[in-house]
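In this text, all values refer to a predicted model and were calculated from it rather than measured experimentally. Note that the numbering runs from 1 along the sequence shown for the chain.
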Amino acid sequence: MQSESYYSLPEETSTAQLDISAAHTAKPSFFKRLWNVKYLLWCFFLPAALMWLIYIAMKVYPFGEESVLVLDLNAQYVYYFEWLRRLLHGEGSFLYTFERTLGGEFLGIFAYYLASPFSAIVALFPKKMITEALLVMFLLKTGLCGLTFGTYLHKTRPRNPVAVVIFSTMYALCAYAVVQQHNTMWIDNLIFLPLILLGIEEMIKHGKFKLYVICLSLALFSNYYIGYMTCIFVALYFFYYYFSRTDDERNPHGLKLHFLRAFGRIAIYSLIVICICSAIILPAYYSLTFGKTTFSDPSFGLSQKFDFLDLLSKMYFGSYDTVRPEGLPFLYTGMLAFILLPLYFIAPHIRLREKVASGFLVLFMIAGFNASTLDLIWHGFQLPNWLNYRQSFLLCFLFLVMAYKAYEGLKQIGYRYAILSSGAIAAILIVMQKLGYDNPPDLTAVWPSLLFCVLYLFLLRACTLYSKNARETAALVLAIVVSLEMFCAGLANTTALDKDVIYSSRTSYRSFIDRVQPITDQVQDLDDSFYRMEKTVHRKTNDNLALGIRGLSNSTSTLNAKTINLLQKLGLASKAHWSKYVGSTPILDSLMNVKYVIAEDAATVPDIYDTVLQDEENTLIAYKNPYVLSLAFGVSPDTADFLLDDERFDTPFERMNQLITAMLGEDETVEIFREVHVADTEYSNCSTSMVVGHRKFTPKDSSYSAMITYTLDIDSDDVLYCYFPSEYPREIKLK
């Protein structure tokens with residue numbers, strides 16, 4: 001019988017050996033793993049740098065006097081960011097603010113416009129640099145769009161660092177990301193979308209849920225409106241991914257009843273996401289009940305919204321049309337992606353089931369644009385007010401992933417198919433030009449598109465060479481050309497946006513705020529009681545939020561319809577989602593607690609108001625209303641029976657007389673305003689007609705001014721007020 005043998009090592013040798021074995025089996029450290037993916041930093045810095053160069057070319061401060069303020073960012077959002085900065089510095093309340101029309105809840109505004117974690121950046125900058133804070137926010141979000149898309153490709157595809165950087169740059173600077181950048185709260189969903197979809201894939205394959213729950217929660221929290229669209233796409237993507245993959249790909253662990261398990265997981269974790277975000281969704285829903293749901297009366301009848309060739313035109317370089325109601329989806333993702341997209345469907349390395357699933361998903365997304373009923377569902381059952389097809393970034397993501405997969409298999413596909421794809425794209429563009437399409441325009445779209453088609457054909461040929469050095473060199477040159485294209489396309493889009501709706505200069509914003517802020521601060525230092533303050537000089541309707549004064553003016557999509565209707569019925573300029581301190585009277589001021597009015601012209605303020613102080617330049621004067629009432633005051637019980645919308649009242653003056661009568665409990669009408677008789681009306685070069693229940697005035701000869709002259713019987717030197725009701729207000733000259 002053979003005896004057992006035992007062996008031993010010196011203690012220090014044994015320990016060393018164990019350490020070496022552990023080193024071979026231990027996972028790489030966090031920093032080592034981070035170093036292995038350091039190329040992803042290019043996915044962040046390259047698009048962010050290109051976006052900054054675009055703004056430099058647009059002469060945005062400090063490289064000029066322009067700013068990033070455009071459209072609603074200029075008219076609304078910048079003022080919300082001003083107020084958010086005050087909140088984060090300890091002023092005001094997240095729940096309620098008197099700085100919006102007569103006062104109202106603020107969480108609805110926060111939920112729609114400011115809930116993004118990136119919004120807090122404004123608190124890091126001084127008040128005078130709010131536009132620079134927004135610029136930094138935009139550049140950071142651009143970089144993060146590229147980083148998350150790069151992360152998605154890194155995790156789901158064989159590693160190709162240069163290609164990942166190329167396609168991440170195209171995602172971060174696609175037309176949607178550039179043109180809609182001023183709607184900064186929407187861009188968060190572009191950032192989180194790749195990670196959400198990566199989370200879905202991880203959940204299906206391995207049951208992991210953290211990435212999905214965290215990123216979808218952040219997307220919904222940042223903007224519930226675009227987040228709602230992302231949720232629809234999440235549902236579509238789950239079925240798309242599951243049925244486009246083989247069983248080994250979607251179920252690597254061989255689990256039984258795998259589809260039911262995967263479907264149950266995504267349903268449960270999606271419900272958890274909604275519960276997490278209920279803290280922001282419920283206040284937002286409460287805010288919407290004040291009138292947003294009645295903002296429009298959409299028709300659910302099915303109709304086609306555009307011709308398909310029109311949609312194809314938006315795939316080309318410089319194919320900006322407009323952000324106005326007639327605008328088409330922004331689908332440009334780069335000419336390289338456009339050329340590669342058809343190759344996806346003939347790539348031999350991509351399974352047929354995936355091609356079929358991708359085709360159906362693309363067609364469904366396009367139908368969501370073109371079928372009016374589906375488009376209405378995508379937009380939360382409300383017609384968008386400008387800025388149509390807000391879900392188009394989802395299709396841009398899908399296009400780029402498909403193009404990337406085609407790029408991976410370019411050698412197997414064959415170069416001749418790239419020639420055919422590029423030739424077809426060029427031919428369609430030439431046909432569009434012949435047909436007289438304004439979009440895309442000749443110099444800024446047709447010629448650059450054709451040029452980049454030719455450049456990419458040469459570079460794609462070089463990328464299929466057998467020499468490794470030649471392929472790597474070609475890939476680097478391709479990255480440079482793509483960067484050049486995305487910079488030029490981004491500049492073309494921002495320039496076109498500027499022509500369409502005009503970027504505001506930094507000076508136009510800062511000079512107004514810096515001019516008015518000192519005198520409003522002086523009034524508040526002089527009188528620290530509760531009162532409302534207004535002004536007859538305006539930049540936009542949301543000035544009060546930036547100035548920190550309580551007033552009557554405000555504009556927001558999260559409107560309070562009853563408040564706006566009240567002010568409109570009492571004569572203030574108010575309609576739909578806005579009200580503005582234009583058309584007020586001493587009676588309205590007194591009732592609404594307007595104690596001070598800032599003006600530059602005494603003629604715009606009632607002569608019974610007292611002058612309180614002037615600014616240093618003597619250009620603005622603060623007036624005090626000596627008859628102002630407090631925020632709350634006692635009235636007759638008869639006021640409760642007063643009907644604001646009583647059809648007997650043709651003008652705000654009649655309504656105001658009856659309201660004062662009811663408040664005082666008088667039997668006879670208190671005639672605060674007396675009607676003036678119109679003795680004669682004379683029309684000069686002007687014709688009148690009735691259109692849909694209102695009177696329309698039209699110049700007979702548009703080359704000359706049209707005029708209406710009213711002759712009045714006036715028996716006193718009292719102030720004269722006039723009222724011109726209109727469902728379609730237009731600017732006129734009144735004298």
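Side-chain contact annotation: Asp188 with Ser116, donor-acceptor N/O pair under 3.5 Å present. Between the side chains of Glu65 and Thr507, at least one donor N or O lies within less than 3.5 Å of an accepting N or O. A donor-acceptor pair shorter than 3.5 Å can be found between the side chains of Thr604 and Thr536. Between the side chains of Gln181 and Tyr176, no donor N or O sits under 3.5 Å from an acceptor N or O. Between the side chains of Lys696 and Thr688, no donor-acceptor pair of N or O atoms lies under 3.5 Å. At a cut-off of 3.5 Å, with distance as the only test, no side-chain donor of Thr661 or Asn657 sits close to an acceptor on the other residue. Counting only N and O atoms by type, the side chains of Asn542 and Ser555 include no donor and acceptor under 3.5 Å apart. Remark: the Arg532 side chain and the Tyr581 side chain contain no N/O donor-acceptor pair separated by less than 3.5 Å. In this structure, a donor-acceptor pair under 3.5 Å is present between the side chains of Glu105 and Ser287. Under 3.5 Å, the side chains of Glu534 and Ser553 contain a donor-acceptor pair of N or O atoms. Side chains of Thr541 and Asn554: a donor-acceptor N/O pair is absent below 3.5 angstrom, by distance only.
Centroid-to-centroid, the aromatic rings of Phe653 and Phe673 come within less than 6.0 Å. Aromatic ring centres of Phe110 and Phe94 lie closer together than 6.0 Å. Taking the six-membered ring for Trp and the full ring otherwise, the centers of Phe330 and Tyr320 sit less than 6.0 Å from each other. Checked against the 6.0 Å centroid criterion, the rings of Phe98 and Tyr96 qualify as a close aromatic pair. Aromatic ring centres of Tyr113 and Tyr80 lie closer together than 6.0 Å.
Interatomic distance, CG of Asp521 versus CG of Leu526, reported as 12.5 Å (0.5 Å rounding). Taking CE from Met185 and CG from Leu73, the interatomic distance works out to 9.0 Å, rounded to the nearest 0.5 Å. Atom-to-atom distance recorded for Leu643:CG and Arg655:CZ is 10.5 Å, nearest 0.5 angstrom. Rounding to the nearest 0.5 Å places CD1 of Ile130 at 9.5 Å from CZ of Phe125. Taking OH of Tyr596 as the reference point, atom OG1 of Thr520 lies at 13.0 Å (rounded to 0.5 Å).
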Just do the side chain to side chain donor-acceptor pair (under 3.5 Å) check on Asp528 and Gln524 with the steps written out, would you?
-> CA-CA 6 Å; Asp528 60 359; Gln524 290 172 331; over 6 Å; no
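With Ser579 contributing its side chain and Ile564 its backbone, the two residues share no donor-acceptor pair below 3.5 Å.
Judged by a 6.0 Å distance limit and a 45° cone about the ring axis, Arg390 is not positioned over the six-membered ring of Tyr225.
The side-chain heavy atoms of Asp500 and Arg324, taken from C-beta on, include a pair separated by under 4.5 Å. Between Met51 and Ile54, some side-chain heavy-atom pair lies under the 4.5 Å cut-off.
Residue Asp543 is tested with Lys580, Lys535, Arg100 for a salt bridge (Lys or Arg N to Asp or Glu O under 4.0 Å); the sole match is Lys535. A side chain to side chain contact (heavy atoms under 4.5 Å, CB included) with Val597 is found for one member of Asp589, Ile621, Val523 and no other, namely Asp589.
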